Amino acid sequence: MYIKSDREIEIMRSAGRIVAEALEKMKEVIQPGITTREIDQLAEEYIRKSGGVPAFLGYNGYPASICASVNEEVVHGIPGPRVLAHGDIIGIDVGAFYKGYCGDAARTFEVGNCSEKTKRLLRVAEESFFAGIEYAQEGNRLFDISHAIQVHVESNGYSVVRSLVGHGIGKNMHEDPQVPNYGLPKRGPRLTAGLTLAIEPMINEGKFHVRTLSDGWTVVTSDGSLSAHYENTIVITANGPEILTKL
Ligand code: MF3
Ligand code: CO
């Protein structure tokens, strides 16, 4: 686990701001009729205009700057000609490098207006992130975060995806440690100030099992149920957690 200096954290605040602003821009245009490719193009333009470099583009051959995952797609949906429809939900995941450091965040948005039942799924995904970072404090253990996320999700009747996890982040998009969204409290590495993490609960309305489509990227729920994703890059400080991918 690589602990960042104040200078590095300051750069990561800038990377995080670009990511947060890109998400805001995308949110403004998400409505019935837009294609996921148009959303991707907007994000790439915005990141480059801000002096950043899209972090996903070319990563293990990934062909776009965002992941756009609709309805039963959990993560890593590839932008393309798909037209969004009223009542869909769309997970948008975006990352950017700025001066050599990475920010990574995701939100799940409704397209037009989705049902109350679906809104609750989106709300619980977001809440579970906040339930988790409450434990992102010096002296705690990593899986205290994981456990708090799991408890919030499962007590609301949803399941936590097991096979995909959050991660350390910095000069690389993915660094140690892995950050599962489930686990036992008082276990895992000790948390210290200067640790930067991408915490990203992925939660399903049905069972937690997922599979990957033949495009090699798109992860979907095995039972076809809806899925929501919420992610921020954070830093642990002596005064508690700070979200870097927020305005
Ligand atoms: N935000 C993602 C993550 O945390 C996904 C990026 S996968 C990519 O791992 F290939 F699109 F880059
Ligand atoms: Co991530």
Side-chain angles (χ1 to χ4, degrees), residues 1-4 6 8-24 74-75 91-96 101-109 120-156 158-162 164-170 173-203 227-247:
M1 300 200 301
Y2 181 74
I3 298 306
K4 275 75 180 178
D6 290 348
E8 291 179 294
I9 290 163
E10 195 50 43
I11 300 173
M12 289 187 70
R13 283 193 184 94
S14 301
R17 187 177 319 116
I18 293 171
V19 168
E21 286 170 354
L23 280 169
E24 277 302 306
V74 179
V75 287
I92 299 282
D93 193 345
V94 60
Y101 287 84
C102 192
D104 182 11
R107 302 283 182 267
T108 303
F109 300 116
R120 191 173 80 92
L121 176 74
L122 307 191
R123 191 163 63 238
V124 170
E126 176 171 349
E127 285 170 0
S128 71
F129 166 86
F130 286 97
I133 63 159
E134 219 174 285
Y135 291 85
Q137 311 277 351
E138 262 196 303
N140 282 354
R141 303 267 193 163
L142 184 65
F143 301 160
D144 292 335
I145 300 172
S146 311
H147 181 71
I149 292 171
Q150 180 180 18
V151 166
H152 187 74
V153 172
E154 293 180 352
S155 66
N156 278 284
Y158 301 129
S159 65
V160 165
V161 173
R162 308 291 168 105
L164 296 151
V165 297
H167 48 95
I169 182 168
M173 177 161 65
H174 295 137
E175 298 184 351
D176 283 346
Q178 292 195 52
V179 186
N181 297 300
Y182 62 94
L184 295 174
K186 301 191 193 308
R187 310 284 173 95
R190 189 79 68 184
L191 301 177
T192 55
L195 184 60
T196 45
L197 301 173
I199 299 176
E200 50 179 318
M202 290 150 268
I203 77 169
S227 186
H229 183 202
Y230 187 95
E231 173 180 27
N232 282 304
T233 299
I234 71 147
V235 59
I236 294 170
T237 78
N239 304 314
E242 177 187 335
I243 298 175
L244 301 176
T245 43
K246 154 186 124 172
L247 300 177

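In this text, all values refer to a predicted model and were calculated from it rather than measured experimentally.
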| request: Find out whether Ile133 and Ile199 are in side-chain contact, i.e. whether some heavy atom of one side chain is under 4.5 Å from a heavy atom of the other. | output: yes
Quick one: does Leu121's side chain get under 4.5 Å of Ile203's, heavy atoms only?
-> yes
Of all heavy-atom pairs linking Met1 and Pro189, the shortest is CE-CB, 3.9 Å
Less than 4.5 Å apart, any side-chain heavy atom of His152 and any of Tyr158? no
One should read off an interatomic distance between Glu138 CD and Thr192 OG1, to the nearest 0.5 angstrom, of 6.5 Å
What one should report as the nearest heavy-atom pair of Ile149 and Ser128 is CG1-O, 3.3 Å
### Message
With a 3.5 Å distance limit and no angle check, can you tell me whether His147 reaches the backbone of Gly183 through a side-chain donor-acceptor pair?
### Response
yes
inquiry  = Using only atom types and a distance under 3.5 Å, with no angle test, would you say the side chain of Glu200 pairs donor to acceptor with the backbone of Tyr230?
reply    = no
Q | N/O donor-acceptor pair under 3.5 Å between Asp144 side chain and Arg141 backbone | A | yes
Practice task
In plain terms, say whether Glu8 and Arg13 are close enough for a salt bridge, that is, a side-chain N and a carboxylate O under 4.0 Å apart.
Solution key: no
Donor-acceptor contact present, side-chain Asp104 to main-chain Ala198, <3.5 Å: no
Would you say the side chain of Leu244 lies within less than 4.5 Å of the side chain of Arg17, judging by non-hydrogen atoms? no
Practice task
Please examine the side chains of His229 and Asp93, heavy atoms only from C-beta on, and report whether any two atoms are closer than 4.5 Å.
Solution key: yes
Shortest non-hydrogen pair, Tyr101 vs Ile11, comes out as CD1-CG2, 3.8 Å
Shortest non-hydrogen pair, Pro241 vs Gln137, comes out as CD-NE2, 3.6 Å
Output for pair (Arg123 CZ, Asn156 CG), nearest 0.5 Å, gives 8.5 Å
Check: More than 12 foreign heavy atoms under 6.0 Å from CZ of Phe143: is that the case here?
Finding: yes
Find out whether Val160 and Met202 are in side-chain contact, i.e. whether some heavy atom of one side chain is under 4.5 Å from a heavy atom of the other.
no
CD1 (Ile3) and CD1 (Ile9) are apart, to the nearest 0.5 Å, by 8.5 Å
Legend entry - pair Phe129-Glu231: side-chain heavy atoms closer than 4.5 Å: no
Item to complete: Could you label the plane-to-plane angle of the His167 and His174 rings as parallel, tilted or perpendicular, counting under 30° as parallel and over 60° as perpendicular?
Response: perpendicular
Exactly one candidate in Lys246, Arg107, Glu126 meets side chain to side chain donor-acceptor pair (under 3.5 Å) with Asn232; the answer is Arg107
query: Do Leu23 and Val94 have side chains that get closer than 4.5 Å, going by heavy atoms?
result: yes
Tightest non-hydrogen contact, residues Pro201 and Ala125, listed as CG-O, 3.9 Å
